[in-house]
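Heads up: the structure comes next, in structure tokens.
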2 protein chains.
Amino acid sequence: MTSQTELNQYPSEHNHNQCVNVALSTAQSLCNQRGVLLTTIRYQVLSLIWESHKAVKAYELLDRLRPLQAAAKPATIYRALDFLIEQGLIHRVESLNAFVGCRCSDQQHEQLLFICKLCEQVDERPATDVMTALLDESKQAGFLVHSKAIEIHGICANCSTKVGTT
Amino acid sequence: MTSQTELNQYPSEHNHNQCVNVALSTAQSLCNQRGVLLTTIRYQVLSLIWESHKAVKAYELLDRLRPLQAAAKPATIYRALDFLIEQGLIHRVESLNAFVGCRCSDQQHEQLLFICKLCEQVDERPATDVMTALLDESKQAGFLVHSKAIEIHGICANCSTKVGTT
DNA sequence: GTTCTGATGTAATAATATAACAATTACCTA
DNA sequence: TAGGTAATTGTTATATTATTACATCAGAAC
Ligand SMILES: [Zn+2]
Ligand SMILES: [Zn+2]
Ligand SMILES: [Zn+2]
Ligand SMILES: [Zn+2]
């Protein structure tokens with residue numbers, strides 16, 4: 001029996017209910033603090049995104065929202081996504097045109113995304129050394145940074161283990 | 001009179017004909033070396049992309065190609081873009097759904113893109129320190145990197161100078 | 001209750017990208 | 001030079017992603 005701490009960050013066996021609970025309750029308190037509304041639709045979309053650690057497409061979310069909100073249209077989804085991004089509760093994965101839950105919405109986040117081609121899971125990391133190097137590079141270039149998209153595609157630790165042991 | 005070397009990398013006054021000539025002749029020789037065809041359409045699309053250092057949208061390229069290729073359709077453009085990307089002659093800017101010429105197609109390039117919100121120009125940099133830090137981070141995460149998209153949005157040196165002195 | 005604001009409903013359309021198959025061209029070899 | 005093969009392009013249709021505009025609704029402020 002492997003202990004939780006010995007496992008990778010997102011082993012298939014991990015307790016995902018906990019991920020979801022933390023994400024949703026953090027979202028709720030952040031919205032309360034900020035005086036913005038985590039409406040039913042927004043909450044449902046956030047929940048749908050959190051069904052896995054994969055990046056989800058907008059129209060896939062729409063399909064999955066419709067059973068809950070019969071009137072849902074593209075605008076419904078995109079509005080909810082815009083709100084969730086503004087509040088830092090999700091990230092847009094630019095290179096996939098997809099969306100993934102943020103695991104550190106209550107922290108500073110200058111994140112880097114590792115995106116696995118096999119399991120499609122997205123792993124968000126602070127990567128402070130990378131960010132520091134990036135800050136230096138920006139200064140050297142005289143470039144004033146507003147936002148960053150750092151998206152690394154490849155094979156995650158879990159999947160390469162599986163491939164290796166097969 | 002400011003000398004060329006004192007100026008920023010892409011001052012508005014720079015000799016862009018030289019950028020274009022270098023890019024197109026490099027492209028031609030790389031394709032020759034590799035035994036792939038830089039056909040008329042591909043060459044024309046590459047030339048259109050190199051009309052500036054801005055990232056260009058596919059359908060904008062299509063509009064600009066049509067006077068030269070009356071039969072041009074979306075597939076025409078996307079095929080040419082696919083070819084140019086495969087050959088490392090252009091980059092896709094994921095966060096803009098747009099395309100920009102590569103200034104170092106003959107080198108190793110693990111590039112980082114600085115994208116200016118004001119002048120829209122894209123500046124490609126090797127940023128070796130960033131790449132090293134990224135390599136470390138990937139190793140720590142046990143992540144096997146296939147490709148990267150590192151896109152930094154903000155205000156470039158030229159534009160912030162202009163804003164500053166206005 | 002009225003007014004204001006933010007959220008949602010609804011319809012249409014814009015913008016980005018791909019698939020499938022036919023026709024043509026380039027290139028190799030007999 | 002003819003014939004065969006693979007790569008390129010033509011052509012049509014369609015899929016996917018995203019936005020705009022305007023109407024309606026619900027809750028807070030007055
Ligand atoms: Zn989880
Ligand atoms: Zn994986
Ligand atoms: Zn130039
Ligand atoms: Zn600029």
Side-chain angles (χ1 to χ4, degrees), chain A residues 27-28 31-32 34-49 54-87 89-100 120 149 151, chain B residues 27-28 30-49 54-87 89-100 120 149 151:
Chain A
Q28 187 59 259
C31 288
N32 289 344
R34 295 169 184 169
V36 295
L37 282 181
L38 189 58
T39 61
T40 303
I41 289 179
R42 290 165 177 174
Y43 182 91
Q44 287 172 335
V45 171
L46 184 60
S47 304
L48 289 171
I49 289 174
K54 298 181 186 179
V56 199
K57 301 262 179 183
Y59 277 74
E60 189 187 331
L61 283 172
L62 180 53
D63 288 342
R64 283 155 54 186
L65 180 63
R66 255 195 272 258
L68 310 173
Q69 295 287 342
K73 300 275 183 323
T76 315
I77 287 291
Y78 282 104
R79 282 167 181 158
L81 291 171
D82 286 347
F83 172 86
L84 295 169
I85 289 169
E86 270 169 25
Q87 298 302 321
L89 302 173
I90 65 173
H91 297 297
R92 184 183 154 87
V93 185
E94 300 290 354
S95 50
L96 297 177
N97 294 330
F99 305 86
V100 70
E120 297 174 41
E151 303 180 0
Chain B
Q28 188 60 72
L30 284 174
C31 289
N32 289 345
Q33 283 169 37
R34 295 169 183 168
V36 295
L37 281 182
L38 189 58
T39 61
T40 303
I41 289 178
R42 291 165 176 174
Y43 183 90
Q44 287 172 335
V45 171
L46 184 60
S47 303
L48 290 171
I49 289 173
K54 299 181 187 180
V56 198
K57 302 263 178 182
Y59 278 75
E60 187 186 332
L61 284 172
L62 179 53
D63 288 342
R64 281 156 54 185
L65 180 63
R66 254 195 272 260
L68 310 172
Q69 294 287 342
K73 300 274 185 323
T76 315
I77 286 293
Y78 282 104
R79 283 166 180 159
L81 291 171
D82 285 348
F83 172 85
L84 296 170
I85 289 168
E86 269 170 25
Q87 298 302 321
L89 302 173
I90 64 172
H91 296 299
R92 184 182 154 87
V93 185
E94 300 289 353
S95 51
L96 296 177
N97 294 331
F99 305 86
V100 71
E120 297 172 45
E151 304 180 357

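Worth saying up front: this structure is predicted, and the values here are computed from it rather than measured. Convention: sequence-line order gives letters A, B, ...; per-chain numbering from 1.
- Using a 4.0 Å heavy-atom criterion, one finds that Ala75(A) contacts the bases of the nucleic acid, with or without backbone contacts as well.
- A donor-acceptor pair under 3.5 Å is absent between the side-chain atoms of Lys73(B) and the main chain of Leu62(B), judged by distance alone.
- In this structure, the separation between CD on Glu60(B) and CG on Asp63(B) is 7.5 Å, given to the nearest 0.5 Å.
- Side chain of Arg42(B), nearest nucleotide from dT8(C), dT8(D), dA17(C): dT8(D).
- Distances shorter than 4.0 Å separate some side-chain N or O of Asn97(A) from OP1 or OP2 on dA18(D).
- As a whole-Å value, the separation of Leu37(A) CG from dT8(C) P is 8 Å.
- In terms of position along DNA chain C, the nucleotide closest to Thr39(A) lies nearer the 5' end than the nucleotide closest to the other residue of the pair Arg92(B) and Thr39(A).
- Distance, Arg79(A) CZ to dT17(D) P: 20 Å, rounded to whole Å.
- Atoms CZ (Arg66(A)) and P (dT10(C)) sit 12 Å apart, rounded to a whole Å.
- Distance, Gln69(A) CD to dT8(C) P: 9 Å, rounded to whole Å.
- Arg42(B) places no side-chain N or O within donor-acceptor distance of the main-chain N or O of Phe83(B), the cut-off being under 3.5 Å.
- The distance from atom CG of Leu62(A) to atom P of dT10(C) is 13 Å, rounded to the nearest whole Å.
- Closest contact between the side chain of Ala71(A) and the listed nucleotides dG9(C), dT17(D), dT18(C) involves dG9(C).
- Arg92(B) contributes no side-chain N or O that, together with a main-chain N or O of Ile85(B), makes up a donor-acceptor pair within less than 3.5 Å.
- Remark: P of dG6(C) and CD1 of Ile41(A) are 17 Å apart, rounded to the nearest angstrom.
- Between Tyr78(B) and dT18(C) there is no side-chain N or O to OP1 or OP2 distance below 4.0 Å.
- Toward the 5' end of DNA chain D, the nearer of the two residues Val36(B) and Lys73(B), judged by each one's closest nucleotide, is Val36(B).
- By the criterion of a centre-to-centre distance under 5.5 Å and near-parallel planes under 30°, the ring of Tyr59(A) forms no stack with the base of dT16(D).
- One can place OH of Tyr43(A) at 16 Å from P of dT8(C), the figure rounded to the nearest angstrom.
- Separation of atoms CG (Leu84(A)) and NE2 (His91(A)) is listed at 11.5 Å; rounding is to 0.5 Å.
- A straight line from NZ of Lys57(A) to P of dT16(C) spans 15 Å, rounded to a whole angstrom.
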